[in-house]
Amino acid sequence: MAIAANSDKTRIGWREWLALPDLAIPAVKAKIDTGARTSALHTFDLTTFVDNDQEFVRFRLHPLQKREDIELQCTAAVIDRRVVRDSGGHAEERLVIASQVRLGEHCWPIELTLTNRDDMMFRMLLGRSALKSAGLLIDAGRSFVLGRQLAKTYDQQGA
């Protein structure tokens, strides 16, 4: 099905820089993955705890591939635990959290599963459930349509 050239939807590429402001993550490169149902964020050193009858998770991440010198620590409420199958068919129980995602001028709430993506090219996958209500048009032949401004975030912070 062809999309009209004058579509008023924002176009994005198959990979884009985005931010997760609720987690204080100013920039992470994400693969826009319509083949993945859920979004996934690279994390390690997960610790769960309970505060006022609500389960939380504290975790760390390296937001940039091959840059272990840049490390962030985040805390979020656990909203679910789900068994997720990766592209190789391996099942893993993952914690699920919620966050706003900012992609260009668009900002909306999404759910994220937490997993170790050290061996993957992208620190984050933005899956089809997260894309469903965003009103975006994905151009699979292009990358970083919305720019690379966020990529410079960590350099500006002296990292």
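All figures in this text were calculated on a predicted structure; none of them were measured in a lab. Below, each value reflects all heavy atoms present in this structure, side chains not excepted, and no hydrogens, waters or symmetry copies.
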| said: If you define the side chain from C-beta out and look only at heavy atoms, does anything of R123 sit under 4.5 Å from K29? | reply: no

| Salt-bridge present (R11, E16; N to O < 4.0 Å) | no

| L146, L18: one ILVMFWY side-chain cluster at the under-4.5 Å cut-off? | yes

| field | Pair T115-H42, side-chain contact (heavy atoms from CB on, under 4.5 Å): steps then yes or no | value | CA-CA 5 Å; T115 188; H42 163 70; over 6 Å; no

| query | Would the number of heavy atoms belonging to other residues, nucleotides or ligands and lying under 6.0 Å from CD of E93 be above 12? | reply | yes

| task | Any chance you could measure S99, atom OG, to I79, atom CD1, to the nearest 0.5 Å? | result | 10.5 Å

| What closest approach, in Å, do A27 and W17 show between heavy atoms, and which atom pair accounts for it? | CB-CE3, 4.1 Å

| query | Would L46 end up clustered with V28 when hydrophobic side chains under 4.5 Å apart are linked, directly or stepwise? | reply | yes

| message | What's the separation between atom CD in E111 and atom OG in S39, rounded to the nearest 0.5 Å? | response | 9.0 Å

| task | Just do the side-chain contact (heavy atoms from CB on, under 4.5 Å) check on L61 and I25 with the steps written out, would you? | result | CA-CA 10 Å; L61 72 144; I25 300 174; 4.0 Å; yes

| Between the side chains of H62 and E71, is a donor N or O closer than 3.5 angstrom to an acceptor N or O? | yes

| Out of T48, L72, L41, which residue meets the side chain to side chain contact (heavy atoms under 4.5 Å, CB included) rule with F59? | L41

| Parallel, tilted or perpendicular: which describes the rings of H106 and W108, with under 30° parallel and over 60° perpendicular? | perpendicular

| field | Shared hydrophobic cluster for V145 and I138 (ILVMFWY, side-chain gaps under 4.5 Å) | value | no

| request: Kindly work out whether a path of hydrophobic side-chain contacts (I/L/V/M/F/W/Y, heavy atoms less than 4.5 Å apart) joins V96 to V101. | output: no

| Is the count of non-hydrogen atoms from other residues, nucleotides or ligands lying under 6.0 Å from Q54 atom CD greater than 12? | yes

| Considering all heavy atoms, the nearest L126-A130 contact | CD1-CB, 3.7 Å

| said: One pair to check against side-chain hydrogen bond (donor to acceptor under 3.5 Å, both in side chains): E105 and T10. What are the steps and the verdict? | reply: CA-CA 9 Å; E105 299 295 319; T10 300; over 6 Å; no

| field | Within-4.5 Å side-chain heavy-atom neighbours: T47 and V57 | value | no

| Are F122 and V84 linked, directly or through other ILVMFWY residues, by side chains that come within less than 4.5 angstrom of each other? | no

| 4.5 Å side-chain heavy-atom contact, L137 and I12 | no

| request: Check I32 against G13 and note the closest heavy-atom contact, atom names and distance. | output: CG1-O, 3.3 Å

| Roughly how far, to the nearest 0.5 Å, is CZ of R15 from NZ of K31? | 11.0 Å

| Can you find a pair of side-chain heavy atoms, one from I97 and one from L23, that are under 4.5 Å apart? | yes

| task | Report yes if some heavy atom in the side chain of L131 is under 4.5 Å from a heavy atom in the side chain of I110; otherwise report no. | result | no

| query | Looking only at heavy atoms, which two atoms of P26 and A19 are closest? And how far apart? | reply | O-CB, 3.3 Å

| query | Do R94 and L114 come close enough that some side-chain heavy atom pair is under 4.5 Å? | reply | no

| request: Verify whether the ring centers belonging to F144 and W14 lie closer than 6.0 Å. | output: no

| message | For a 4.5 angstrom cut-off between non-hydrogen side-chain atoms, does L20 reach Q100? | response | no

| request: Give the intermediate values and the outcome of side-chain contact (heavy atoms from CB on, under 4.5 Å) for residues T113 and L95. | output: CA-CA 6 Å; T113 64; L95 298 175; over 6 Å; no

| message | Are R37 and R128 packed together at the side-chain level, in the sense that at least one heavy-atom pair is separated by less than 4.5 angstrom? | response | yes

